[in-house]
Amino acid sequence: MNPQAPRDFPELMEYLHKVEQLGFSRRRFLGMAGATAVGGVLAACGEEGAGGEGAAKTPSNTLVVAAPGTPSTLDSEFDVNIQTTDAIGMLYDSLIKFKTIPDPEKQNVLREDLSIHEDEPYGWAVEGKLAESWELSPDGRKATFTLKRGVKSNWGNELTAKDVKWTWDRKFVQKAVGGFFLGVLGMEDPDAVKIEGDYAISFTTPQPNAVLLTMMVNLYNPIYDATKLQEIHDGGDEWAVEFLKNQHAGFGPYTLTELTRGSQAVFEARDDYYGETPSMKRIVYKDVPNSPQRVALVQGGDADVAQYLRPRELTQLERVDGVRVDAVQGTQQTWIELNAKMEPFDDVRVRQAMNYAFPFQEVLDTVYFGYGRPLQTGIPTIYPFATEEYFPYETDLDKAKALLEEAGVGGFSSTLGYNAGVPEQEEISTLYQTNLREIGVNIQLNKLPAGTFFDFVSKRSEPMIFYTDAPWNPDPGYANYLYFHKDSFINYSNYVNEEVSRLITDGLALLDPEAREPMYKEAQQIYVNEAPWVFIVRPDPALALRDNVSGWIYYTSNNVRFQDFKKS
């Protein structure tokens, strides 16, 4: 077939018939899959992929991604869902980034180097992105960044210090995700971010702050094109809040050419990008909400990458010719919040008993099928100073029952909330419920709608509720602060230990790793013993890819940056 020609009609109908077997209507697929016969995106790519049943069918310069949805917004200030994070990673760049190293378990995958390095100027292995150089003051209170020159946004405007200043001023006004970052840095006034010249910007904190440098790596500290967004602001859309829901203004490697929610988003590589030009000219990001359909698309070669598949599906794809499953150790953690302000979970012995009653190995074997690891501390084990040495819990129903008797509660009844949109949580809940019955604890399972699940978590109104999260900054002070400091808004278990909070706060103000390490290990020892969580699992991030696709770099933010990918 002529590479420039659309599929002929019989071939197209056969193709659509196959897709219909996956549960799509022809109309939905024509909208969703960009069918070439009707002028879709794939025809515009200019190259036909390899044919044949089960072979890759996508163009060599296009990456087709089967994702659970499309971005609900393009504004990083107000949304951290997985589709938005993927989009932010393609449309924007940060000041600096971590260097990468081969993953120790999966050599064809790279990952950020999160180790502390004595030979690096400030301990972290970072390199420039929008910034060409940076300097920290000896007292650890000020960081100054010198920007690269000649960097253009997708609107054609040059990067200057005014863009960085405008970006951070917006955080002070909106006080959403950026407001949390400001709180961690202790910056209360926009004057803390100062233009030092056309291409120089500084950040000053009221006291030494160990995360001042690593915070600039964070995916959700992208730099906006202030020239474009100020124009939008002056037109009546304050701080471009409405504009950024559907459009973008940044310095990243791609520009958005289509966003049809419920169907697809299309990203095209920028010819004027200052960095390395992405190998993939186009990213076609498909809305495929059901994971079996995502499996079928990558298995049949109609998608190059399938995201967020269930562990059982991953094990099935391991045996499929033409498909490769890559999985690595990540930062995501799943646990059950035990509300320490509600009886009987205000008693540490009850919380400990709830851990001894948990079927740890059974969950790993029958729910995660090898795509998960035990969660035995409160921060990712790939982060500095994380330790599992203080974790005492194993499945021991006799010990759990003894702890309940010691606490004077005997048997009791409670509820456990879980996310209806996460099948693994229902499976875990059922296994856990069975164990708890054996120690006299009757748990009613509360299946909460996926769309409102987070509302139940954030209200802290449930005695027990699942939660999954990942701290995006590898600094142990940041990660521990998120979940265990008494003042953190993400401390959804209402856990308060003054000594733990003091250790976390004091450690954030120290710059010497040797002085910080014992503080964070002591904090972990205390909160693991006091068990504000039922510690469950660290799920492995995993992708199903066609075997001609490579280049995955695992980032602590758990988003996938498709500019890294290549096809052989």
Side-chain angles (χ1 to χ4, degrees), residues 311 332-340 342 344-381 387-407 409-419 422-448 457 462-469 483-484 492-495 524-540:
Q332 196 173 70
Q333 308 177 137
T334 295
W335 64 90
I336 294 171
E337 305 275 13
L338 299 176
N339 197 325
M342 290 187 178
F345 303 120
D346 56 346
D347 190 313
V348 65
R349 294 166 295 187
V350 174
R351 300 198 300 266
Q352 290 170 341
M354 299 300 286
N355 275 276
Y356 281 112
F358 191 80
F360 295 105
Q361 194 59 48
E362 187 177 8
V363 165
L364 291 174
D365 292 342
T366 66
V367 178
Y368 288 94
F369 296 94
Y371 285 97
R373 303 158 198 255
L375 175 61
Q376 297 184 341
T377 187
I379 64 175
T381 55
T387 179
E388 298 172 306
E389 63 184 301
Y390 304 119
F391 191 79
Y393 308 109
E394 58 184 1
T395 306
D396 187 336
L397 300 185
D398 290 336
K399 188 160 189 173
K401 186 179 294 186
L403 281 165
L404 292 181
E405 291 173 356
E406 182 182 327
V409 297
F412 65 91
S413 297
S414 190
T415 60
L416 170 59
Y418 67 92
N419 190 334
V422 184
E424 289 81 11
Q425 291 186 11
E426 183 167 24
E427 294 176 18
I428 294 169
S429 297
T430 301
L431 294 172
Y432 192 26
Q433 183 185 48
T434 300
N435 271 21
L436 289 173
R437 283 198 195 103
E438 294 190 35
I439 64 169
V441 177
N442 296 308
I443 296 295
Q444 178 182 337
L445 303 184
N446 191 6
K447 189 173 186 177
L448 302 170
V457 175
E462 301 295 309
M464 301 172 63
I465 193 166
F466 274 82
Y467 193 55
T468 296
D469 198 22
Y483 309 123
F484 303 106
Y492 296 126
S493 63
N494 290 315
Y495 172 68
Q524 290 172 82
Q525 182 178 19
I526 295 170
Y527 67 63
V528 166
N529 177 65
E530 295 191 342
W533 299 354
V534 175
F535 297 83
I536 300 178
V537 67
R538 294 183 289 118
D540 286 347

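Note that these values count all heavy atoms, side chains included, but never hydrogens, waters or copies made by symmetry. Numbers here simply count residues along the sequence, with the first being 1. Computed from a prediction, not measured in an experiment: that's the story for all the values here.
- Tyr483 and Gly378 make their closest contact through CD1-O, 3.8 Å (heavy atoms, listed as atom of the first residue, atom of the second, distance).
- Partner of Trp335 under the side chain to side chain contact (heavy atoms under 4.5 Å, CB included) criterion, chosen from Thr468, Val534, Leu375, Ile465: Leu375.
- Between Pro380 and Arg538, every side-chain heavy-atom pair lies at or beyond the 4.5 Å cut-off.
- Applying the side chain to side chain contact (heavy atoms under 4.5 Å, CB included) test between Met464 and each of Asn446, Thr415, Asn339, Ile336 identifies Ile336 as the sole match.
- Side chain of Gln352 to main chain of Asn529: a donor-acceptor pair is present (N/O by atom type, distance under 3.5 Å, no hydrogens or angles).
- Between Tyr495 and Phe484, the angle of the ring planes goes over 60°, which puts this pair in the perpendicular group of the 30/60° scheme.
- Side-chain N or O atoms of Arg351 include one that pairs as donor or acceptor with a backbone N or O of Glu530 at under 3.5 Å.
- A ring pair (Phe, Tyr, Trp, His ring centres under 6.0 Å) with Phe535 is found for one member of Phe391, Tyr527, Phe360 and no other, namely Phe391.
- Between Val537 and Tyr371 there is no side-chain heavy-atom pair separated by less than 4.5 Å.
- Counting only distance, with no hydrogens or angles, the side chain of Asp469 and the backbone of Gln333 share no donor-acceptor pair below 3.5 Å.
- Between Asn494 and Ala340, the shortest heavy-atom contact is O-CB, 3.7 Å.
- Within the 3.5 Å criterion, the main-chain N or O of Thr377 finds no donor-acceptor partner in the side chain of Tyr390.
- Listed for the Gln524 side chain is a donor-acceptor partner under 3.5 Å among the backbone atoms of Thr387.
- Annotation: side chain of Ser429 is in contact with side chain of Phe466 (closest heavy-atom distance under 4.5 Å).
- Proximity of a side-chain donor or acceptor of Thr395 to a complementary backbone N or O of Phe358 within less than 3.5 Å is detected.
- By the 30° and 60° cut-offs, the orientation of the rings of Tyr393 relative to Tyr356 is perpendicular.
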